[in-house]
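Scroll down for the structure; my scribbles are underneath it.
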Amino acid sequence: MLAFSFYVRIFNYMITKTTVIVKLAVDGCHNFPKAAELFPEVAFLADRHRHMFHFTVACGVTHSDRDKEFIMLKRDIIDYINGQYFDNSTRTCEFGPRSCEMLAAEVLQEFDAQWVEVWEDQENGAKVEKV
């Protein structure tokens, strides 16, 4: 009987980790300057080109009652991206030579996120996460 009680207690105790997740998209342009040199098949990527950049950002929380508010977190990320990259003359975010990986790492650090995904047109993307 003692062994059974101990067994029940172990499985009734659960260690959890909770993250809040927000998704957003921004219109932007970038390029891959060394594309022709490194990957001739996709040399066209060296030219400035447009995507919808889709961000998914997961931040850790310490409790389950709105430790971070989704709407405010999403707005903060949008404000940050626009503040860093929005260009009034082109009316889009100008990411220059930054890759999805670079953008994900930047947002990960700026918002102390657990992981960040950045996708080009919801087709190809990258995930950067803390280890």
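Residue numbers count from 1 along this sequence.
- With sequence neighbours excluded, the residues forming a salt bridge (Lys or Arg N to Asp or Glu O under 4.0 Å) with D27 are R50, listed by chain and number.
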Name every donor-acceptor pair, under 3.5 Å, that has one atom in a side chain of residues 32-41 and the other anywhere in the protein, sequence neighbours excluded.
none

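- Among pairs with a residue in residues 112-131, none fulfils ring-ring contact (aromatic ring centres under 6.0 Å, His included), at least two apart in sequence or across chains.
- For D76, the side chain to side chain contact (heavy atoms under 4.5 Å, CB included) test picks out F111, with sequence neighbours left out.
- In this structure, the side-chain hydrogen bond (donor to acceptor under 3.5 Å, both in side chains) partners of T90, at least two apart in sequence or on a different chain, are E94.
- Not counting sequence neighbours, the partners of D87 by the side-chain hydrogen bond (donor to acceptor under 3.5 Å, both in side chains) test are S89.
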Evaluate the criterion side-chain contact (heavy atoms from CB on, under 4.5 Å) for residue pair V118 and V116; output intermediate values, then yes/no.
CA-CA 7 Å; V118 179; V116 176; 4.2 Å; yes
For residues 101-110, dump all side-chain donor-acceptor pairs below 3.5 Å to protein atoms at least two apart in sequence or in another chain.
residue	atom	partner	partner atom	Å
E101	OE1	S99	OG	3.3
E106	OE1	Y85	OH	2.5
E106	OE2	Y80	OH	2.6
E106	OE2	Y85	OH	3.1

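- At a threshold of 4.5 Å between non-hydrogen side-chain atoms, the residues T19 and V61 do not count as touching.
- Residues satisfying the salt bridge (Lys or Arg N to Asp or Glu O under 4.0 Å) criterion with D112, sequence neighbours excluded, are K130.
- For K23, the side chain to side chain contact (heavy atoms under 4.5 Å, CB included) criterion is met by T56, not counting sequence neighbours.
- Residues that satisfy the side-chain hydrogen bond (donor to acceptor under 3.5 Å, both in side chains) test with T62, not counting sequence neighbours, are D67.
- By the ring pair (Phe, Tyr, Trp, His ring centres under 6.0 Å) test, H30 pairs with H49, H51, F53, sequence neighbours left out.
- Annotation: salt bridge (Lys or Arg N to Asp or Glu O under 4.0 Å) contacts involving residues 119-128, sequence neighbours excluded, are absent.
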